[in-house]
Amino acid sequence: KNQVEQSPQSLIILEGKNCTLQCNYTVSPFSNLRWYKQDTGRGPVSLTIMTFSENTKSNGRYTATLDADTKQSSLHITASQLSDSASYICVVGGITSGTYKYIFGTGTRLKVLA
Amino acid sequence: KAGVTQTPRYLIKTRGQQVTLSCSPISGHRSVSWYQQTPGQGLQFLFEYFSETQRNKGNFPGRFSGRQFSNSRSEMNVSTLELGDSALYLCASRGQDGETQYFGPGTRLLVL
């Protein structure tokens, strides 16, 4: 069964600290993996997208890594800011019968405290 | 370019009623997908439309339906509303690269 699991479910850190969010997947066939940031009450916004051949992708203070062999990805946030407080969703895409399918993780809720 | 827009942003209905939500994709995007998001279930895929045809469908009952118009705008309809239908309904349009989805702000539906 195609699944995407994220950990931890929630996380609280102090402003300025770093943190790492995890995403494990069993989706097959695999096409790409993306991380989204979703502020409360808003739609998700894409942070990074990686294909099978990419190991790392950065977007400012956000760095995503991908290990396609172990089917694991992580999102590292450096020098966190209050505005980083949001849910972070891992999404794995695959092509089945010629159409894209997206499997969403349930997200990690991050709270950054002053 | 304007982003994905959804209307209305908030909606309150009672059990048994029906509701229609609207989504306008980014100009030039032909694929529109709908998702239901609840605190306990996360994002659940409803269906995807491309060029007015439903291309993909998630595991939701027949009370959930949709359509897409020739200008790529899409509507989602939920009939005979149940309390459990209370959720944030998100619409996303597919980017030119065919892979990147851009989400709208969502419609928050509350069923009383």
Side-chain angles (χ1 to χ4, degrees), chain A residues 1-10 21 23-25 27 29-54 57 59 64 66 86-110, chain B residues 2-11 21 23-26 29-51 53-59 86-110:
Chain A
K1 183 182 177 182
N2 290 329
Q3 283 188 314
V4 176
E5 295 184 352
Q6 292 186 242
S7 61
Q9 195 171 46
S10 60
L21 314 180
C23 173
N24 297 337
Y25 63 93
V27 178
F30 171 87
S31 177
N32 54 66
L33 184 147
R34 66 198 73 206
W35 284 91
Y36 281 93
K37 177 187 178 187
Q38 184 177 21
D39 293 312
T40 301
R42 299 196 170 191
V45 174
S46 181
L47 291 174
T48 63
I49 177 170
M50 290 181 290
T51 61
F52 183 89
S53 59
E54 295 177 294
K57 183 74 70 79
N59 178 0
L66 173 64
S87 288
Y88 293 84
I89 303 171
C90 172
V91 185
V92 179
I95 299 177
T96 303
S97 301
T99 60
Y100 279 104
K101 287 191 183 294
Y102 299 94
I103 311 297
F104 287 76
T106 53
T108 291
R109 187 177 296 276
L110 173 66
Chain B
V4 177
T5 58
Q6 292 186 245
T7 57
R9 291 294 312 277
Y10 303 93
L11 204 51
L21 312 181
C23 170
S24 293
I26 292 173
H29 290 189
R30 294 161 63 189
S31 167
V32 173
S33 297
W34 287 91
Y35 297 87
Q36 181 194 67
Q37 187 177 35
T38 57
Q41 297 289 324
L43 273 156
Q44 303 281 314
F45 172 71
L46 280 156
F47 27 65
E48 178 187 12
Y49 286 88
F50 182 86
S51 293
T53 301
Q54 188 180 87
R55 191 161 68 172
N56 222 345
K57 191 176 188 305
N59 295 322
S86 295
L88 180 66
Y89 290 89
L90 291 161
C91 159
S93 70
R94 187 80 64 77
Q96 299 299 337
D97 61 7
E99 295 184 351
T100 303
Q101 283 191 316
Y102 297 87
F103 283 84
T107 293
R108 186 165 294 282
L109 172 64
L110 178 61

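For clarity, every value in this text was computed on a predicted model and none was experimentally measured.
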Considering only heavy atoms, which portion of [X] lies under 4.5 Å from any heavy atom of chain A: side chain, backbone, both, or neither?
X: B:Tyr35; answer: side chain
X: B:Gln6; answer: neither
X: B:Leu43; answer: both

Inset, instruction - For residues B:Arg9 and B:Gly106, report the shortest heavy-atom separation together with the two atoms involved. - result: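 Looking at all heavy atoms of both residues, the closest pair is NE-O, 3.2 Å.
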
Legend entry - Distance-only side-chain donor-acceptor flag, A:Ser46 / B:Gln101, under 3.5 Å: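 Looking only at side-chain atoms, B:Gln101 and A:Ser46 do not form any donor-acceptor pair under 3.5 Å.
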
Inset, instruction - Using the test side chain to side chain donor-acceptor pair (under 3.5 Å), find all partners of A:Lys57 that sit at least two apart in sequence or belong to another chain. - result: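 In terms of side chain to side chain donor-acceptor pair (under 3.5 Å), with neighbours along the sequence ignored, A:Lys57 is linked to A:Glu54.
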
Inset, instruction - Using side chain to side chain donor-acceptor pair (under 3.5 Å) as the criterion, list what pairs up with B:Arg30, not counting sequence neighbours. - result: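 Partners of B:Arg30 by the side chain to side chain donor-acceptor pair (under 3.5 Å) criterion, ordered by chain and then number, come out as B:Ser51.
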
